[in-house]
Amino acid sequence: MARTGIERVDLKGLPALRLATGSGASAVVSLFGGQVLSWTPPSGGDRLYLSPQAANDGSRPIRGGIPVCFPQFADLGPLTPHGFARTANWSVLTERSDKDFALITLGLSDDESTRALWPHGFKAELSILIEESRLDLEFEVTNSGDTEFEFTAALHTYLAVREVEQSRLEGLHGYSYRDKTDGNRIKRDSGDVVLIEAETDRVYHDVQRPLLLREYSRSLGINAEGFADVVVWNPWIERSAALADLPNDAFRHLLCVEAAAAQHPLRLAPGDSWWGRQTLVAL
Ligand code: TA6
């Protein structure tokens with residue numbers, strides 16, 4: 001039987017932590033990127049997609065799991081897309097577990113290499129909790145410098161789906177979104193559900209409702225606090241084929257539903273903090 005609690009593991013060369021609870025939930029978190037790579041609730045079946053072709057040598061972002069995009073979401077600024085947090089080495093700040101839960105907090109703060117890219121003092125913390133059928137990620141940023149800064153961010157969650165064409169994402173009806181596949185036009189979602197039938201790359205604005213991802217025989221509740229926006233991304237056939245770290249048919253098995261602060265950059269005065277959370281519940 002797998003061990004419960006928190007243990008150090010080596011994931012094809014990447015230092016990682018494995019979290020496991022007495023009820024049978026588990027997660028694997030890479031310190032490179034501060035990235036959850038796997039989450040299996042007690043009912044079984046990994047709910048996160050991790051590419052079998054993901055880089056694991058620390059040279060490139062890991063394709064899959066939950067990359068942390070900070071201090072820039074996508075190409076919304078001068079930094080390399082999605083910022084540097086997903087290619088930084090995070091440290092373990094705290095770890096706690098009991099038979100029902102496992103919780104770790106990872107930390108990242110400015111150093112010479114981050115200040116060369118982004119000249120600000122910051123402390124970021126990512127708390128990852130597994131409990132029963134729930135995965136909770138809380139991301140907190142503090143301005144530890146002496147000047148104000150702005151940032152955008154996201155938890156770029158790659159959800160595993162059995163067949164994306166058969167999956168239905170509920171809860172986005174009526175919200176406006178920026179459609180990156182159509183010249184960044186602003187549109188309004190008029191469907192009852194979001195169906196993936198083509199390349200999809202949308203930033204939904206100011207989403208106030210929990211979402212539900214339905215598949216044949218299982219569902220996933222998705223909730224966020226603090227993050228105003230929801231990004232829905234599926235690369236579909238051509239982009240899957242074009243991305244070297246994704247198998248050609250990967251588009252069929254993944255759907256990114258991301259908690260993001262993208263439309264309006266967040267602004268922090270010296271000493272101030274912001275936090276945002278994404279919660280997934282396996283149903
Ligand atoms: O969050 C959606 C997105 O910004 C897309 O535009 C897409 O390119 C994706 O992220 C993946 O980005 P990456 O830099 O990891 O290839």
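First listed ligand is number 1; within each ligand, the first listed atom is number 1. These numbers come from a predicted model, not from an experiment.
Shortest contact from atom 8 (O) of ligand 1 to any protein heavy atom: R239 NH2, 3.5 Å. For atom 7 (C) of ligand 1, the closest heavy atom belonging to the protein is W233 CE2, 3.3 Å. H82 NE2, 3.5 Å is the protein heavy atom nearest to atom 12 (O) of ligand 1. Of all protein heavy atoms, the one closest to atom 5 (C) of ligand 1 is D201 OD2, 3.1 Å. Given atom 15 (O) of ligand 1, the protein heavy atom at minimum distance is R86 NH1, 2.8 Å. The closest protein non-hydrogen atom to atom 13 (P) of ligand 1 is R63 NH1, 3.6 Å.
Salt bridge E199/K180: absent, no basic N to carboxylate O contact under 4.0 Å.
Once rounded to the nearest 0.5 Å, the distance linking CZ of F70 with CG of L155 reads 12.0 Å. One distance of note links CD1 of I130 with CG of L19; it measures 5.0 Å at 0.5 Å rounding. We find the CZ-CG distance between R47 and L213 to be 8.5 Å, quoted to the nearest 0.5 Å.
Listed by number with element, the atoms of ligand 1 under 4.0 angstrom from any heavy atom of A74 are 4 (O). Set against the non-hydrogen atoms of F73, the atoms of ligand 1 under 4.0 Å away are 1 (O). Residue H156 has at least one heavy-atom neighbour below 4.0 Å for each of these atoms of ligand 1: 1 (O), 2 (C), 3 (C), 9 (C), 10 (O), 11 (C). Under a 4.0 Å criterion applied to the non-hydrogen atoms of E258, ligand 1 contributes the atoms 1 (O), 2 (C).
Counting only distance, with no hydrogens or angles, the side chain of S240 and the backbone of F251 share a donor-acceptor pair below 3.5 Å. Judged by distance alone, the side chain of N143 and the main-chain N or O of L268 form a donor-acceptor pair under 3.5 Å.
Under the 4.5 Å side-chain criterion, counting only non-hydrogen atoms from C-beta, D182 is in contact with K187.
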